[in-house]
**Student:** 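Just passing along the structure, written as structure tokens.
Side chains are part of it too, since the values below use all heavy atoms of this structure and drop only hydrogens, waters and symmetry mates.
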Amino acid sequence: MIDGTMVHQDSIGGGGSITNGSTQWMTAGSGILHIERPPEQLIATGGLFHGIQLWVNLPAAEKWVDPRYQDLEAENTVLLTSPDGGALVRVIAGDVAGQRGPGSTYTPISFVHATVQPGAELVLPWPSRFNALVYVLSGAGTVGPDSQPLHSGQLVVHGPAMPSLSGRIRCRSRDTPRWRFSCSADDRSANRWQRTVRSS
């Protein structure tokens with residue numbers, strides 16, 4: 001959930017509020033009933049919420065695992081800054097630059113939410129044998145070695161075996177308000193990233 005609140009309930013006892021920066025990671029496995037809805041107050045008074053939903057295919061051998069629910073609060077995500085300080089990356093699941101997010105997954109995947117300041121560039125380490133998706137939540141910029149333009153609501157797919165990418169996902173923000181996007185890939189590379197200390 002980027003902004004706002006959603007309420008989750010399911011048939012295995014999982015549930016609660018998903019608020020700004022929080023993530024619900026649910027594994028359907030052998031079967032689960034669930035509902036996500038805006039809270040009653042939002043329904044009564046109106047308002048906005050902004051989130052993203054990603055469905056990840058389970059490996060064939062794991063299709064019938066027991067269902068489970070993970071409530072990943074915003075304060076438990078790993079925060080990284082790029083070497084130049086121009087980008088903030090929230091690692092939700094998987095590994096980025098040796099830093100592992102709190103989400104536990106059956107499918108090898110890294111899932112991040114990145115904010116890139118105007119004019120800044122973000123280069124994510126990325127094994128070229130894996131696919132990667134970059135979805136723009138807001139703002140505009142360019143992506144890839146040939147600087148393809150990309151803006152809010154657009155998705156770019158990096159396929160495997162693209163040697164020109166040199167094992168990295170490269171994104172640059174235009175000189176506009178900050179650029180926010182989500183990126184998912186299997187990622188086990190290292191880079192000169194710094195873990196950000198949260199202030200209380």
Side-chain angles (χ1 to χ4, degrees), residues 1-2 8 12 14 16-29 51-63 65-117 120-137 143 155-160 162 165-171 179-200:
M1 181 60 65
I2 309 302
H8 169 85
I12 61 169
S17 296
I18 313 160
T19 59
N20 299 347
S22 297
T23 301
Q24 164 196 287
W25 199 285
M26 188 180 68
T27 303
I52 185 170
Q53 188 175 65
L54 175 70
W55 291 62
V56 181
N57 194 20
L58 286 171
E62 309 288 353
K63 295 287 190 189
V65 297
D66 291 338
R68 69 178 178 183
Y69 175 81
Q70 300 173 70
D71 187 7
L72 308 176
E73 297 291 344
E75 59 268 19
N76 294 328
T77 58
V78 173
L79 296 181
L80 302 176
T81 55
S82 58
D84 66 358
L88 177 68
V89 177
R90 297 161 180 85
V91 184
I92 296 166
D95 182 278
V96 172
Q99 301 290 335
R100 179 160 290 280
S104 175
T105 70
Y106 289 98
T107 302
I109 186 174
S110 290
F111 187 70
V112 306
H113 172 217
T115 302
V116 184
Q117 296 301 320
E121 183 177 67
L122 170 64
V123 180
L124 283 174
W126 172 60
S128 57
R129 65 189 182 277
F130 289 99
N131 295 319
L133 306 175
V134 178
Y135 178 76
V136 183
L137 297 163
V143 66
L155 172 76
V156 67
V157 179
H158 290 296
M162 297 175 67
L165 293 178
S166 303
R168 290 175 173 81
I169 300 172
R170 182 177 301 273
C171 304
W179 190 30
R180 301 200 311 184
F181 64 90
S182 288
C183 176
S184 61
D186 186 284
D187 183 357
R188 300 190 182 102
S189 301
N191 203 349
R192 295 176 295 112
W193 289 68
Q194 298 178 7
R195 189 160 181 162
T196 299
V197 178
R198 297 175 190 272
S199 59
S200 54

**Student:** I'd like to check the side chain to side chain contact (heavy atoms under 4.5 Å, CB included) partners of Thr105; sequence neighbours left out, ordered by chain and number.
**Tutor:**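 Residues passing side chain to side chain contact (heavy atoms under 4.5 Å, CB included) with Thr105: Trp25, Ala93, Ile109.
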
**Student:** When rounded to the nearest 0.5 angstrom, what distance separates NZ in Lys63 from CG in Asn57?
**Tutor:** 3.5 Å

**Student:** Mind checking salt bridge (Lys or Arg N to Asp or Glu O under 4.0 Å) for Glu121 and listing every partner two or more places apart, or none if nothing turns up?
**Tutor:**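 Testing Glu121 for salt bridge (Lys or Arg N to Asp or Glu O under 4.0 Å), a comparison that skips the adjacent residues, returns Arg170, Arg172.
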
**Student:** Got a second to check how far Thr27's OG1 is from Asp66's CG, nearest 0.5 Å?
**Tutor:** 10.5 Å

**Student:** Determine whether Ile2 and His113 satisfy the following criterion, side-chain contact (heavy atoms from CB on, under 4.5 Å), listing intermediate values before the conclusion.
**Tutor:** CA-CA 9 Å; Ile2 309 302; His113 172 217; 4.0 Å; yes

**Student:** Would you compute the distance between atom CZ of Phe111 and atom CG of Leu72 and round it to the nearest 0.5 angstrom?
**Tutor:** 11.0 Å

**Student:** Could you give the distance from OG1 (Thr23) to CE (Met26), rounded to the nearest 0.5 Å?
**Tutor:** 13.5 Å

**Student:** Could you go through Leu88 and Gln117, starting from their C-alpha distance and side-chain angles, then the distance that decides it, and tell me whether this counts as side-chain contact (heavy atoms from CB on, under 4.5 Å)?
**Tutor:** CA-CA 9 Å; Leu88 177 68; Gln117 296 301 320; over 6 Å; no

**Student:** Hey, could you give me the OG1/CZ distance between Thr77 and Arg90, rounded to the nearest 0.5 Å?
**Tutor:**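 Thr77 atom OG1 to Arg90 atom CZ measures 7.0 Å (nearest 0.5 Å).
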
**Student:** Testing the basics here: between Val78 and Gly101, what is the closest heavy-atom pair and its distance to 0.1 Å?
**Tutor:**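 Between these two residues, the closest heavy atoms are CG2-CA, 4.1 Å.
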
**Student:** Please report the closest heavy-atom contact between Ser22 and Ala74, naming both atoms and the distance.
**Tutor:**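 Closest approach of Ser22 to Ala74: OG-N, 3.5 Å.
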
**Student:** Just how far is it from atom OG of Ser17 to atom CD of Glu73, taken to the nearest 0.5 Å?
**Tutor:** 9.0 Å

**Student:** Show me the pairs that pass ring pair (Phe, Tyr, Trp, His ring centres under 6.0 Å) and involve residues 78-110, at least two apart or across chains.
**Tutor:**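 For residues 78-110, and leaving out neighbouring residues, there are no ring pair (Phe, Tyr, Trp, His ring centres under 6.0 Å) pairs at all.
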
**Student:** Is a side-chain N or O of Ser82 found less than 3.5 angstrom from the main chain of Gly86, in a donor-acceptor match?
**Tutor:**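 Looks like yes, one N/O pair under 3.5 Å.
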
**Student:** Please give me the minimum heavy-atom distance between Val112 and Val91, naming the atom from each residue.
**Tutor:** CG1-CA, 4.1 Å

**Student:** Determine the minimum heavy-atom distance between Ile92 and Pro102, stating which atoms define it.
**Tutor:**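 Closest pair (atom of Ile92, atom of Pro102, distance): O-CD, 3.2 Å.
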
**Student:** Looking only at heavy atoms, what is the nearest atom pair of Pro67 and Ile12, with distance?
**Tutor:**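 Shortest heavy-atom contact: O-CD1, 3.6 Å.
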
